[in-house]
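These numbers were taken from a predicted model, which means no experiment stands behind them.
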Amino acid sequence: MARATKLISLLLLHLANSLSALDFKTFAFEGQFSDLFYVQGESEVPIDVNGFRISKMYSYNGSSPLIFYVHTENEAGEKVRTPVAQLPYDPRNTSLLLLFAPVPSGGYQVYPIANDNASHPPGAYRVQNLTQRSIALLIDKQSYQFTPNQLQVINPPPPQRRTIKIDPNASIDDLNVENPESIDNESDPADLVTVAVPSKIPVQMAYLQPNGQWFPAYNKKWLHRPDIRTYVFAHEKNNTVMLKQYVEFLK
């Protein structure tokens with residue numbers, strides 16, 4: 001009896017170690033992948049994977065690997081689950097961002113990205129150089145260099161908040177297209193209200209050419225807020241280096 005109890009205890013311990021709760025979000029570089037789902041208990045949970053935005057949060061309670069399926073028909077014309085991707089993961093990883101990439105042979109390769117405050121603090125930029133070139137970023141006058149395939153999490157100080165005064169009673173015709181922050185001269189100062197403008201940080205990017213010269217390829221402003229995470233990927237396209245940016249809203 002004692003031996004049976006010990007075996008049951010060991011079995012329960014093994015089961016507890018093999019099952020874990022994983023929260024995850026999904027995205028892709030391009031396109032939209034439909035009809036994907038995973039199995040939670042007896043239920044099929046559909047997921048959204050696209051290249052336009054990071055998805056909502058999904059939760060999985062089960063053993064590794066996490067398997068993703070689509071529905072296909074077998075020879076008898078019956079609908080069956082067909083696995084198209086799987087994610088072996090460390091049970092210690094409780095939150096991940098999953099990048100889906102189709103493979104030529106069919107199905108998807110899933111790349112896990114740590115998605116927690118310790119590895120990627122809110123407000124920080126996670127920049128990953130996926131190219132075989134060296135690149136350099138100038139973020140708010142601070143320079144950062146990346147070797148091929150290098151990853152850095154950059155947490156610059158937030159920019160100074162700026163505010164502008166607007167006339168809430170102004171019509172569309174009163175707006176100055178060339179300078180949207182300008183105020184119509186006929187506005188009564190008593191009618192003006194002060195509003196905060198989203199803070200942005202100037203960012204420039206250049207990549208190293210084979211001749212040893214740096215080529216400027218990017219000049220924009222990035223949103224900076226304490227309630228978002230920003231993921232940036234440098235990739236090669238049309239013989240140049242481009243940046244893809246994804247914003248994850250945490251509230």
Handout entry: Min side-chain heavy-atom separation Arg53-Tyr246 under 4.5 Å
Key = no

Scanning both residues in full, the closest heavy-atom pair of Pro121 with Asn155 reads CB-ND2, 4.2 Å

(Q) Are Pro202 and Asp140 packed together at the side-chain level, in the sense that at least one heavy-atom pair is separated by less than 4.5 angstrom? (A) yes

*asked:* What I want to check is whether the side chains of Gln40 and Ser43 have a donor and an acceptor closer together than 3.5 Å.
replied: no

Worksheet item: Do the side chain of Gln152 and the main chain of Gln145 share a donor and acceptor less than 3.5 angstrom apart?
Response: yes

Using a 3.5 Å distance criterion without hydrogens, assess whether the side chain of Asp116 forms a donor-acceptor pair with backbone atoms of His120.
no

- Task: Measure the shortest side-chain to side-chain distance between Ser119 and Val153 over non-hydrogen atoms and say whether it is less than 4.5 angstrom.
- Result: no

Note: Phe100 and Val49 closest approach over all heavy atoms is CB-CG1, 3.7 Å

### Task
Taking the side chain as every heavy atom from C-beta outward, state whether Val127 and Leu137 have any pair of such atoms under 4.5 Å apart.
yes

inquiry  = Checking side-chain polar atoms at under 3.5 Å, does Thr26 have a donor or acceptor matched by the opposite partner on Ser55?
reply    = yes

Residues at least two apart in sequence or cross-chain that pass side chain to side chain donor-acceptor pair (under 3.5 Å) with Glu248, listed by chain then number, are Lys25, Asn115, Arg229, Tyr231

Are Ile135 and Phe215 connected, step by step, through hydrophobic side chains (Ile, Leu, Val, Met, Phe, Trp, Tyr) whose heavy atoms are closer than 4.5 Å?
yes

- Group every Ile, Leu, Val, Met, Phe, Trp and Tyr by side-chain heavy-atom contacts under 4.5 Å, then state whether Ile54 and Leu130 land in the same group. yes

Does one hydrophobic cluster hold both Leu87 and Val39, with members joined at side-chain heavy-atom distances below 4.5 Å?
no

Practice task
Check whether the ring centres of Tyr218 and Tyr207 lie less than 6.0 Å apart, and answer yes or no.
Solution key: no

One should read off an interatomic distance between Thr230 OG1 and Leu223 CG, to the nearest 0.5 angstrom, of 6.5 Å

| request: For Leu22 and Leu96, run side-chain contact (heavy atoms from CB on, under 4.5 Å): C-alpha distance rounded to whole Å, both residues' side-chain angles, the deciding distance at 0.1 Å, then the answer. | output: CA-CA 8 Å; Leu22 173 67; Leu96 293 172; 3.9 Å; yes

- Task: Given side-chain contact (heavy atoms from CB on, under 4.5 Å), test Arg133 with Glu236 step by step and report yes or no.
- Result: CA-CA 9 Å; Arg133 309 177 191 237; Glu236 294 190 60; 3.1 Å; yes

The side chain to side chain contact (heavy atoms under 4.5 Å, CB included) partner of Met205 among Asn219, Leu138, Leu243 is Leu243

What one should report as the nearest heavy-atom pair of Phe233 and Arg126 is CE2-NH1, 3.9 Å

Between Lys200 and Lys221 the two heavy atoms that sit nearest each other are CB-CB, 3.8 Å

Distance col, row Ile201:CD1 vs Lys141:NZ, nearest 0.5 angstrom, shows 12.5 Å

Are the side chains of Pro226 and Pro158 in touch, meaning some heavy atoms are under 4.5 Å apart? no

Using a 3.5 Å cut-off and no angle test, enumerate the donor-acceptor pairs between side-chain atoms of residues 65-72 and protein atoms at least two apart in sequence or in another chain.
from  : atom 1 : to    : atom 2 : distance (Å)
His71 : NE2    : Glu44 : OE1    : 3.1
His71 : NE2    : Glu44 : OE2    : 3.2
Thr72 : OG1    : Thr82 : OG1    : 2.5

_Donor + acceptor pair across side chains of Thr240, Asn238 (<3.5 Å)_ = no

Problem - Beyond-backbone contact of Pro159 with His224, side-chain heavy atoms, under 4.5 angstrom - result: yes

Quick check: is Trp222 connected to Val241 through a chain of hydrophobic side chains (ILVMFWY, heavy atoms under 4.5 Å apart)?
yes

request  = Determine, stepwise, if the pair Val45 / Phe37 fulfils side-chain contact (heavy atoms from CB on, under 4.5 Å).
outcome  = CA-CA 5 Å; Val45 182; Phe37 64 91; 5.7 Å; no

Discussion item. Can you tell me how the ring of His235 sits relative to the ring of Phe29, calling it parallel under 30°, perpendicular over 60° and tilted otherwise?
Written reply: tilted

Would you say that more than 12 heavy atoms from the other residues, nucleotides or ligands in this model lie under 6.0 Å from the CG of Asn239, or not?
no

Taking Ser95's backbone N and O only, do any of them form a donor-acceptor pair with Asn93's side chain (distance below 3.5 Å, no angle check)?
no

| query | Backbone N or O of Arg92 within a donor-acceptor pair of the Tyr89 side chain at under 3.5 Å? | reply | no

Margin query: I'd like to check Phe27 versus Asp48 (side-chain heavy atoms, cut-off strictly below 4.5 Å). Are they in contact?
Written below: no

Hydrophobic cluster membership, with links at side-chain heavy-atom distances under 4.5 Å among I/L/V/M/F/W/Y: are Val232 and Ile154 in one? yes

query: Do Gln128 and Asn149 come close enough that some side-chain heavy atom pair is under 4.5 Å?
result: no

Asp23 versus Ser59, side-chain donor and acceptor atoms under 3.5 Å: yes

Tightest non-hydrogen contact, residues Asn129 and Ser134, listed as ND2-CA, 4.5 Å

| said: Let's go through Tyr38 and Gln86 carefully: what are the C-alpha distance in whole Å and the side-chain angles of both, what is the deciding distance for side-chain contact (heavy atoms from CB on, under 4.5 Å) to 0.1 Å, and is it a yes or a no? | reply: CA-CA 10 Å; Tyr38 64 96; Gln86 65 174 355; over 6 Å; no

Smallest heavy-atom separation, Leu98 atom then Phe24 atom, equals CD1-CD1, 3.6 Å

request  = Kindly determine whether Tyr108 and Phe33 satisfy ring pair (Phe, Tyr, Trp, His ring centres under 6.0 Å), including the steps that lead there.
outcome  = CA-CA 10 Å; Tyr108 304 92; Phe33 310 142; 4.9 Å; yes

